[in-house]
**Q** 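A single structure is presented below for examination.
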Amino acid sequence: MSSAVSTNILQVDAFTDQIFSGNPAAVCVLDAAADEAWMQAVAAEMNLSETAFLYPYEDGYQLRWFTPSAEVNLCGHATLASAHVLWSEGFLSADSQARFHSKGGLLTATQASGWITLNFPIQPTTPTVAPPELLKSLRGLQPESVEGGGPAESNYLVELASEDYVRSLQPDFTMMRLLPAHGVIVTAPGAAVEIDFVSRYFAPAVGIDEDPVTGSAHCSLVPFWERKLGKSTFRAQQVSSRGGILQVQRSGDRVLISGQAVTVMKGTLLSAPTVTT
């Protein structure tokens, strides 16, 4: 027996309280699982860094994330956007916990005082030797340190000398695509007294030259700066052109990532997938 899947879709700006800033994500709330090729086609059509698809599953929702060209195993801003949609559209009561079953494991979200807090797995990095392609992609900037690397789902974490270097970096994306990693996080101490550290995130290998605000990158940034600064709670800023503010905290083997979100638009996809039940 087959059934048509509901195709309401919303666009949400995450890690901001103002439209046209933060990181936009599309959120598609489905009645049941959808065909993977259809989800990838929708993500390519939306052409945002991530499109999230979720449907009721066990004690929460199944959640998957797609860039315009590939599925990923963990995404912060599209999870934040998904939780925002569940509460703002009445799928969950305001005081309910959002529970997401994903390829990144069980993820939860709660909200209080206008902020949404995600509970994500920690992803610590270790010092490594920077490959030539990484150094070339930085266009002559000399890192203070380099960590991470390895399998495609991991990132290089590059510390630069100052926030100015992070802000002004114009990577060579052709070289960056050659790296054996999902993406590259660049970071430095914050210049403003109220900001502990700043970052930017580049992932051309999966179709995202620069991601405006990357919640999942902070799963590595938090333990990195914990070692550097000797504390576990931070106010962070991603200094892309759109920018965003995050409150982040180490909690055992988890990272608590807090941000705000605002709905920008709502619509209905006219191409509905058919699924077998």
Side-chain angles (χ1 to χ4, degrees), residues 13-15 22-26 39-40 42-53 63-81 102-104 118 120-121 123-125 128 130-131 133-139 141 143 146-160 166-167 169-188 197-222 224 236-244 246 248 255 257 259:
D13 286 344
F15 294 114
N23 199 353
M39 290 189 287
Q40 185 63 75
V42 171
E45 182 73 17
M46 297 305 295
N47 200 31
L48 300 171
S49 59
E50 300 287 349
T51 297
F53 299 87
L63 175 60
R64 295 175 72 175
W65 311 274
F66 290 79
T67 77
S69 61
E71 184 175 10
V72 299
N73 287 345
L74 193 67
C75 177
H77 84 280
T79 305
L80 187 83
S102 75
K103 291 187 175 181
L118 307 176
F120 268 42
Q123 295 182 330
T125 54
T128 190
E133 295 86 356
L134 177 60
L135 296 177
K136 290 177 181 177
S137 75
L138 299 177
R139 298 187 185 274
L141 285 180
V146 177
E147 298 195 0
E153 278 298 318
S154 66
N155 298 301
Y156 284 100
L157 196 161
V158 178
E159 181 189 5
L160 299 180
V166 174
R167 286 182 177 273
L169 177 62
Q170 295 182 323
D172 182 334
F173 292 119
T174 299
M175 295 303 300
M176 200 170 275
R177 286 187 187 94
L178 301 177
L179 293 170
H182 190 122
V184 177
I185 307 164
V186 294
T187 188
F197 63 84
V198 299
S199 67
R200 291 171 69 190
Y201 181 67
F202 311 102
V206 291
I208 308 165
D209 282 352
E210 180 168 7
D211 192 35
V213 192
T214 316
S216 61
H218 290 75
C219 296
S220 298
L221 284 163
V222 165
F224 177 82
Q237 183 178 12
Q238 197 150 330
V239 291
S240 65
S241 59
R242 288 174 65 102
L246 309 89
V248 289
V255 175
I257 304 167

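Note that the structure is predicted; figures quoted are calculated from it, not measured.
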**Q** Answer yes or no: is there a side-chain heavy-atom contact under 4.5 Å between Leu138 and Pro143?
**A** yes
**Q** Establish, from distance only, whether the side-chain atoms of Ser102 and Trp65 form a donor-acceptor pair under 3.5 Å.
**A** no
**Q** Is there a side-chain contact between Gln238 and Thr214 (heavy atoms, below 4.5 Å)?
**A** yes
**Q** If you take all heavy atoms of Pro121 and Gly104, which pair is closest and at what distance?
**A** CG-O, 4.0 Å
**Q** Strictly distance-based, threshold 3.5 Å: is any side-chain N or O of Arg200 a donor or acceptor partner for the main-chain N or O of Val166?
**A** yes
**Q** Kindly indicate whether the side chain of Tyr156, heavy atoms from C-beta on, has any atom under 4.5 Å from the side chain of Ser220.
**A** no
**Q** Specify the closest pair of heavy atoms between Pro24 and His77, including all atoms of both residues, with the distance to one decimal.
**A** O-NE2, 3.3 Å
**Q** Taking all atoms of both residues into account, what is the closest heavy-atom pair of Pro68 and Leu48, and its distance?
**A** CD-O, 3.1 Å
**Q** Identify whether the distance between the nearest side-chain nitrogen and carboxylate oxygen of Arg177 and Glu133 falls below 4.0 Å.
**A** no
**Q** If every non-hydrogen atom of Cys219 is compared with every non-hydrogen atom of Val255, which pair is closest and at what distance?
**A** CA-CG2, 4.0 Å
**Q** Rounded to the nearest 0.5 Å, what separates atom OG in Ser154 from atom CD in Gln123?
**A** 9.0 Å
**Q** Just so I know, are the side chains of Ser240 and Tyr201 near enough to count as touching, which here means a heavy-atom distance under 4.5 Å?
**A** no
**Q** When you measure from the side chain of Thr187 to the backbone N and O of Val198, does any donor-acceptor pair fall under 3.5 Å?
**A** yes
**Q** Find out whether Phe53 and Glu71 are in side-chain contact, i.e. whether some heavy atom of one side chain is under 4.5 Å from a heavy atom of the other.
**A** no
**Q** Would you mind reporting whether Phe15 and Leu80 have side-chain heavy atoms less than 4.5 Å apart?
**A** yes
**Q** Measuring only between side-chain heavy atoms, which start at C-beta, is Ile208 closer than 4.5 Å to Glu50?
**A** yes
**Q** Backbone N or O of Glu147 within a donor-acceptor pair of the Thr125 side chain at under 3.5 Å?
**A** no
**Q** Does Asp172 reach the main-chain N or O of Thr174 with its side chain, forming a donor-acceptor pair under 3.5 Å?
**A** yes
**Q** Have a look at Phe202 and tell me which of Ile185, Asp209, Val186, Asp211 forms a side-chain contact (heavy atoms from CB on, under 4.5 Å) with it.
**A** Val186
**Q** Among Ile257, Leu221, Leu118, find the one that has a side-chain contact (heavy atoms from CB on, under 4.5 Å) with Val248.
**A** Ile257
**Q** How far apart are the closest heavy atoms of Ala236 and His218, and which atoms are they?
**A** CB-NE2, 3.8 Å
**Q** Can you tell me how far the CD atom of Glu210 sits from the CE atom of Met176, to the nearest 0.5 Å?
**A** 9.5 Å
**Q** Where do Ala26 and Met46 come nearest, in terms of heavy atoms and distance?
**A** CB-CE, 3.8 Å
**Q** Less than 4.5 Å apart, side chain to side chain, heavy atoms only: is that true for Phe224 and Glu159?
**A** yes
**Q** Does a donor on one side chain and an acceptor on the other come within less than 3.5 Å for Asn23 and Asp13?
**A** no
**Q** Counting N and O atoms only, with roles assigned by atom type, does the side chain of Asn155 sit under 3.5 Å from a partner on the main chain of Gly183, one being a donor and the other an acceptor?
**A** yes
**Q** Hey, what do you get for CE (Met175) to CZ (Arg139), rounding to the nearest 0.5 Å?
**A** 10.5 Å
**Q** Please list, chain by chain and in numerical order, all residues satisfying ring pair (Phe, Tyr, Trp, His ring centres under 6.0 Å) with Phe120, sequence neighbours excluded.
**A** none
